[in-house]
Amino acid sequence: MSSSTFETVAGIISETCDIPREKITPDSHAINDLGIDSLDFLDVAFAIDKAFGIKMPLEQWTQEVNEGKVSSDRYFVLRDLCANIDSLTAAKATA
Amino acid sequence: MQLEYFRMVDRIIRLDLAAQTVVAECDIPDQSPVFEGHFPGHPILPGVLMIETIAQTGGWLIMAMHRFDRIPFLAQVKEAKMRAFLTPGEQVETEVRLLHDGSGYAVAAGTIRRAGRTVAEAEITYRVMPFPNPAMRGQMLDTARRVAVPEHFLADGPTPDA
């Protein structure tokens with residue numbers, strides 16, 4: 001996970017969801033720890049997509065979680081979310 | 001418009017997937033039960049129906065983008081401004097531009113104009129998901145034809161150019 005990615009994402013979450021920046025850590029789970037609901041997460045996703053020029057595959061991630069294939073931690077703990085963003089950004093750069 | 005049926009769009013006059021924009025014409029009816037209550041003696045189109053008009057207009061763009069395989073549902077309204085009254089018998093033009101096509105969601109900005117002047121505007125966030133059932137999709141395709149969505153944007157039409 002790039003530290004600059006985390007800083008950007010944490011700033012987006014803080015501003016979009018009105019959560020104090022100091023409460024947002026790489027280990028925070030966006031839903032379970034920060035209490036971001038699905039509607040607010042759309043705002044977060046929009047801001048992340050715009051900031052990084054990507055399209056996070058939220059539908060695929062949500063489906064995998066709902067089907068029990070993966071833990072929600074994989075996509076919604078910020079450390080993992082940022083790693084996924086880094087991967088998407090890298091894939092875009094090489095496309 | 002048929003306000004009591006939430007049919008806000010009368011005609012799609014431009015739908016451009018490359019530019020990610022749609023323009024629709026909407027004729028405010030001379031009479032409607034809505035005007036009997038909003039307001040007695042001073043009939044005006046409710047502001048929430050202006051927002052609905054913007055949302056539905058953008059909805060046609062999003063459905064066309066997805067070849068009517070998915071439907072957008074209103075999830076959020078931001079920066080809504082109603083700048084003037086709209087009254088029975090007027091015609092307005094609604095233009096919506098897609099701001100972002102996300103995964104399972106979309107964001108668009110729309111404007112309602114009367115004779116070229118902005119009457120209302122809003123930014124709309126949609127949840128975009130598969131049609132809940134085939135019957136609803138069939139009804140939506142029928143409605144798409146009624147409002148003159150070009151046939152090549154419909155799911156069973158030829159491939160669009162853009």
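Computed from a predicted structure; not experimentally measured.
- Taken together through direct or relayed side-chain contacts under 4.5 Å among Ile, Leu, Val, Met, Phe, Trp and Tyr, B/Val92 and B/Met50 form part of one hydrophobic cluster.
- Here the closest non-hydrogen pair linking B/Gln76 and A/Leu39 is CB-CD1, 4.3 Å.
- Few gaps surround CG on B/Asp142; more than 12 heavy atoms of other groups in view lie less than 6.0 Å from it.
- Other residues, nucleotides and ligands place no more than 12 heavy atoms under 6.0 Å from the CZ atom of B/Phe85.
- Under a hydrophobic clustering in which Ile, Leu, Val, Met, Phe, Trp and Tyr are joined whenever their side-chain heavy atoms come within less than 4.5 Å, directly or via other members, B/Ile124 and B/Met82 fall into the same cluster.
- Within 6.0 Å of CD in B/Glu79 there are 12 or fewer heavy atoms belonging to other residues, nucleotides or ligands.
- Nearest approach of B/Ser103 to A/Pro57, heavy atoms of both residues: OG-C, 3.5 Å.
- Checking side-chain atoms of B/Tyr105 against main-chain N and O of A/Asp43 turns up no donor-acceptor pair under 3.5 Å.
- Both the backbone and the side chain of A/Ser38 come within contact range of chain B, judged by heavy atoms closer than 4.5 Å.
- Side-chain contact check for A/Lys55 versus B/Asp101: some heavy-atom pair is nearer than 4.5 Å.
- Note on B/Arg70 versus A/Glu59: salt bridge recorded, some NZ/NE/NH1/NH2 to OD/OE distance being below 4.0 Å.
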